[in-house]
There are 2 protein chains.
Amino acid sequence: MKRRITLQDIALDLNLTPATVSRALNNHPEISDKTKKMVEETATRLDYNRNKIASSLRSGKTHVIGVLIPTAEPAFFGSVIHGITNIANSSGYDVIIYQSNEMYEYEVKGIKAFMSARVDGILASISKETIDCSHFINAKRNGIPVVLFDRVNNDLDIPSVTVDDYQGGFIATEHLIEQGYKRIAHVSGPQHIKAFYDRLKGYRGALQANGIRFDASLVYAGDISIEAGKAAVENFLKLPVRPDAIFAVEDFAALGVIKQLKARGIKMPEEMGVFGFCNDLFSEHITPGLSTIDQQTVLMGQEAVKMIFHIIDNNNGMYQPSKVVLDPLPVIRESSLRVST
Amino acid sequence: MKRRITLQDIALDLNLTPATVSRALNNHPEISDKTKKMVEETATRLDYNRNKIASSLRSGKTHVIGVLIPTAEPAFFGSVIHGITNIANSSGYDVIIYQSNEMYEYEVKGIKAFMSARVDGILASISKETIDCSHFINAKRNGIPVVLFDRVNNDLDIPSVTVDDYQGGFIATEHLIEQGYKRIAHVSGPQHIKAFYDRLKGYRGALQANGIRFDASLVYAGDISIEAGKAAVENFLKLPVRPDAIFAVEDFAALGVIKQLKARGIKMPEEMGVFGFCNDLFSEHITPGLSTIDQQTVLMGQEAVKMIFHIIDNNNGMYQPSKVVLDPLPVIRESSLRVST
DNA sequence: CTGTTAGCGCGTTCAG
DNA sequence: CTGAACGCGCTAACAG
């Protein structure tokens, strides 16, 4: 392995000092164009490659963003990462990924790793287990700005990018009502996660706005999993009066609902309407096509990076936490579309 | 923002020198247990957090792995990342992600960024455009080991983790033959990518092994996209004698095939058998369920990290590039399963 | 416009 | 078992 070329090497080659070479490469205004050109030429000739580590140590900026997600497995977070890294990379930032695997312990470890790596900013989506959020507060106290996306905490003074979950739940439920469904059930998710809490609220809001009495037995305390959806169906079918539509808190849960309804020979959308939330990649391609709420995942990632860049650039102390709320986009497919009332 | 705690702070607090504190925290054998305990206590008390940057600069090791993928959008790469980061993180490594967006230019930029970040190793899956691979050679020359996964180059002396694509193509085709299909078509992908090239070869191999003459008109030069699958179907239906089964090089292409066959009212698997490759998340949930080859994505990621760690640990020059080839696992679903011949 | 000096925080010599 | 001194490669401050 050949020794790496340093600023020193370029400087010696041109009878300059490392400092000048550094400034030239950083396009410092006080360097003559002639020198800049010379330096750049020898840099490429010698195949120079800046040591980002040394640069970071000296400048105190790493140009690295840490992204903490529950898991990269479903398409959802892959899509957000897609949005994040493309913008970050084209702005000269590196992105490091850490997965909590939905566990509080790993989430805390991830933040520690980010602090140790001296990232310039953190984007995070909290795990299902997470209730105590002091690790985020701690990062902020250490001067690392944090932006939460999608899965945020209810009462945290941290900027965030989310979709309007209340509105999404409202739209989904109201759509089912408009399609003539009378008894609409809901498969909910863990309530300490604001997104899931808000979707339930949106569901209730739509019922109320349309003069339908809320019936607690029509809410199944589920989760974002296929199994939860299946279990919810079994639960609903045992009721004295079964529902005629199900709004699931998330697409995988809705998928479970669909699978179980199929297994029971219940026709969608005729006998039972189904609505999801997320617009995961598969939703379009299953049968029946799943009606759902698009969360604009790529955009969500992009907005989150933009926000963190904004905070990084204005770190003169006074930054007021802002919340970006994206519009939930209804995507209507066969699972909820009755031809006529 | 409070100043970050350094080794110096701990040293002052305990009347020691930074050197001793450093050794204590690194569990150096020549430090007394008593001192180690003291140091660790004050470290946690002062909320010390090692500056990885300074450490990297000094030691020459960053404990960072760069992962270059075409795109994080489909579930496939998300799944690989899942496998990679979990092992890497639990081994104290950070993972930085870069997307080529299937473009050669960005791929080269990504490798440059990794070199600049002084990553200890690179895992990469090459873009569709990539033909010249000198950027990988260059990284190796600079002492950064490279392991390719899934999308590798034909004639490169670089260790890699792939699935046995020939075998996969063979199994898929032979399965269709066993199901009684007589005219089996193939939607192929860009041939400079070894994986796609091998799948075509496996297809031909299975035909030959079963005494079926290869017919060039039954191979559609496609791509890994829904559109390619749809176009392939249109192409095949125009033939004088249409095929009765289609093996697509990848699941999205197969999805396009299924969609177009549905649009044309052609029944699967009765009139046309369909087989994919990848076992993407959606394949199980569409109708009909897509028969496909599972690539063991999570395992692939894990094997890739393990291999790069192995190389990093034995960087005493002599490491012979090895190729790990995973078994392709057939997953048979409705799209190719005729009840009887 | 360029050179000089110094130091970011750590780990690794070499002493003792 | 611990301390003293140095340097990884770069950039910021101050000269000139």
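Here is how names work: the chains are called A, B, and so on, in the same order as the sequence lines, proteins then strands, and each is numbered from 1. When reading the values below, keep in mind they use all heavy atoms of this one structure, side chains included, and skip hydrogens, waters and symmetry mates. Remember, it's a predicted structure, so these values are computed and weren't measured experimentally.
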statement: Here the distance between atom C1' of D/dC10 and atom CG of B/L57, to the nearest Å, is 8 Å
Phosphate contact (D/dT11 OP1 or OP2) by A/S59 side-chain N/O below 4.0 Å: no
field: Side-chain donor-acceptor contact under 3.5 Å, A/R50 with A/N26
entry: yes
- request: Classify the nucleic acid contact of A/T35 as base, sugar-phosphate or nothing, counting any heavy atom under 4.0 Å across all strands shown.
  value: sugar-phosphate
- prompt: Hey, is B/D13 close enough to B/R45 for a salt bridge, meaning N to O under 4.0 Å?
  reply: yes
Net bend of the helix from C/dC1-D/dG16 to C/dG16-D/dC1, end axes of five pairs each, nearest 10 degrees: 30°
- prompt: Would the A/F77 and B/H82 ring centres measure less than 6.0 Å apart?
  reply: no
query: To the nearest 0.5 Å, what is the distance between OG1 (B/T20) and CG (B/L25)?
result: 11.0 Å
query: Taking all non-hydrogen atoms of both residues, which atom of A/A304 and which atom of A/L123 are closest, and how far apart?
result: O-CD2, 3.7 Å
- request: Round to a whole Å and report the spacing from CD1 of A/I10 to C1' of D/dT11.
  value: 15 Å
- request: Specify the separation, in whole Å, of atom CZ of A/R58 and atom C1' of D/dC8.
  value: 14 Å
statement: Here the distance between atom P of C/dT2 and atom NZ of A/K36, to the nearest Å, is 10 Å
N/O (side chain, B/S22) to phosphate O (OP1/OP2, C/dG11) under 4.0 Å: yes
- prompt: Between B/E41 and B/K37, is the closest basic N to carboxylate O distance under 4.0 Å?
  reply: no
message: For a quick check of understanding: with a heavy-atom distance under 4.0 Å over all strands, which category does B/L7 fall into, base, sugar-phosphate or nothing?
response: sugar-phosphate
message: Expressed as a whole number of angstroms, how long is the span from B/L25:CG to C/dT12:C1'?
response: 15 Å
- request: Considering just the side-chain nitrogens and oxygens of B/S55, establish if one lies under 4.0 Å of OP1 or OP2 belonging to C/dG11.
  value: yes
query: With a non-hydrogen cut-off below 4.0 angstrom, is B/S32 in contact with a base, only sugar-phosphate, or nothing?
result: sugar-phosphate
- prompt: Taking atom P of D/dC8 as reference, at what distance in whole Å does atom CD of A/Q8 sit?
  reply: 9 Å
statement: d(B/S127 OG, B/Q99 CD) to nearest 0.5 Å is 12.5 Å
message: Taking only side-chain N and O atoms of A/Y48, does any of them lie within less than 4.0 angstrom of OP1 or OP2 on D/dC10?
response: yes
query: Is a donor-acceptor contact shorter than 3.5 angstrom present between the side chain of A/R23 and the base of C/dG3?
result: yes
query: Charged N to carboxylate O below 4.0 Å: is that the case for A/E102 and A/R151?
result: yes
field: Distance, rounded to the nearest Å, where A/N26 contributes CG and D/dC10 contributes P
entry: 10 Å
- request: Return yes if a side-chain donor-acceptor contact under 3.5 Å exists between A/N49 and B/N142, otherwise no.
  value: no
message: Among residues at least two apart in sequence or on other chains, which ones pass ring-ring contact (aromatic ring centres under 6.0 Å, His included) with A/Y93?
response: A/H63, A/F309
query: What's the NE2-P distance between B/H28 and C/dT12, to the nearest Å?
result: 9 Å
field: Any N/O donor-acceptor pair, B/R50 side-chain to C/dG11 base, under 3.5 Å
entry: no
query: Which residues, if any, of residues 11-19 of chain A bring a heavy atom under 4.0 Å of DNA chain C?
result: A/N15, A/L16, A/T17, A/A19
